[in-house]
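Side chains are part of it too, since the values below use all heavy atoms of this structure and drop only hydrogens, waters and symmetry mates. Note that this is a predicted model, so its numbers are computed, not measured.
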Amino acid sequence: MNNLTDYIVSLCQQLQSEGKVPSVATIRNKSDRTLPLPEVIRVLKRWQEDPNSVRSSEHSFVESLPMTTEQRLTNLEQQMENALQAITALQAQIDDLLLRQRE
């Protein structure tokens with residue numbers, strides 16, 4: 001599990017301990033940094049299915065060694081792929097709603 005996943009899981013756990021239901025909005029509002037929407041959605045879904053299967057490591061707030069340029073590029077490419085998938089899914093939903101509205 002990477003630090004971003006750990007961080008999002010930690011936010012879910014904090015929200016739950018405060019009696020709040022973790023959602024994309026509550027997680028992003030609670031965060032002290034910008035989080036990529038596709039990653040929040042992915043981790044939240046896994047956490048909602050089984051909170052114990054996605055455990056936060058003890059050092060979730062401790063940053064690991066700085067990433068190499070190649071690791072950063074790979075991470076950015078994955079984030080772009082996730083964003084494109086989310087956009088495609090949203091566009092399909094919009095198209096479906098527009099089609100239904102015309103009927």
(message) To check you understand the geometry: which heavy-atom pair defines the closest contact between Pro22 and Cys12, and what is its length?
(response) CG-O, 3.4 Å
(message) Holding to side chain to side chain contact (heavy atoms under 4.5 Å, CB included), I want the full list of residues that pass it with Leu97, two or more places apart in sequence or in another chain.
(response) none
(request) Using the test side chain to side chain donor-acceptor pair (under 3.5 Å), find all partners of Asn29 that sit at least two apart in sequence or belong to another chain. (result) none
(request) Kindly write out the residues that satisfy side chain to side chain contact (heavy atoms under 4.5 Å, CB included) with Ser23, not counting sequence neighbours, or none if the list is empty. (result) Ala25, Thr26
(request) Could you check Leu4 against Val43 for side-chain contact (heavy atoms from CB on, under 4.5 Å), going step by step and ending with a plain yes or no? (result) CA-CA 9 Å; Leu4 184 56; Val43 174; over 6 Å; no
(request) Could you go through the side-chain contact (heavy atoms from CB on, under 4.5 Å) check for Gln16 and Trp47 one step at a time? (result) CA-CA 11 Å; Gln16 187 177 44; Trp47 186 83; 3.5 Å; yes
(message) Test of understanding: with side chain to side chain contact (heavy atoms under 4.5 Å, CB included), list the residues that count as partners of Ile41, not counting sequence neighbours.
(response) Val24, Leu37, Lys45
(message) Run the side chain to side chain contact (heavy atoms under 4.5 Å, CB included) test against Gln85 and tell me which residues pass, sequence neighbours left out.
(response) Glu81, Asn82
(request) Any chance you could pull the hydrophobic cluster mates of Leu84, using side-chain heavy atoms under 4.5 angstrom and chaining through other members? (result) none
(message) Could you measure the distance from the CZ atom of Arg42 to the OG1 atom of Thr5? Nearest 0.5 Å is fine.
(response) 4.5 Å
(request) Enter the distance from Ile27:CD1 to Ile8:CD1 here, rounded to the nearest 0.5 Å. (result) 7.0 Å
(message) With salt bridge (Lys or Arg N to Asp or Glu O under 4.0 Å) as the rule and sequence neighbours excluded, what pairs involving residues 20-29 come up?
(response) Glu18-Lys20
(message) I'd like to know if the side chain of Ser10 and the backbone of Asp6 have a donor-acceptor N/O pair within less than 3.5 Å.
(response) no
(request) Not counting sequence neighbours, list each pair that qualifies as a salt bridge (Lys or Arg N to Asp or Glu O under 4.0 Å) and has a residue in residues 91-103. (result) Asp96-Arg100
(request) Rounded to the nearest 0.5 Å, what's the gap from CD on Glu77 to OG1 on Thr74? Could you check? (result) 5.5 Å
(message) To the closest 0.5 Å, what do you measure between CD (Gln78) and CG (Leu73)?
(response) 12.0 Å
(message) Please evaluate residues Asp32 and Tyr7 with respect to the criterion side-chain contact (heavy atoms from CB on, under 4.5 Å), reporting the C-alpha separation (whole Å), side-chain torsions for both, the decisive distance (0.1 Å), and the verdict.
(response) CA-CA 10 Å; Asp32 60 356; Tyr7 179 68; 2.6 Å; yes
(request) I would like to know whether Gln79 and Glu39 meet side-chain contact (heavy atoms from CB on, under 4.5 Å); could you show each step before the answer? (result) CA-CA 8 Å; Gln79 289 177 13; Glu39 188 69 12; over 6 Å; no
(request) Grab the two heavy atoms, one from Pro38 and one from Ala86, that are nearest each other, plus how far apart they are. (result) CG-CB, 4.4 Å
(request) Determine yes or no for a side-chain-to-main-chain donor-acceptor pair under 3.5 angstrom, with Gln71 supplying the side chain and Thr68 the backbone. (result) yes
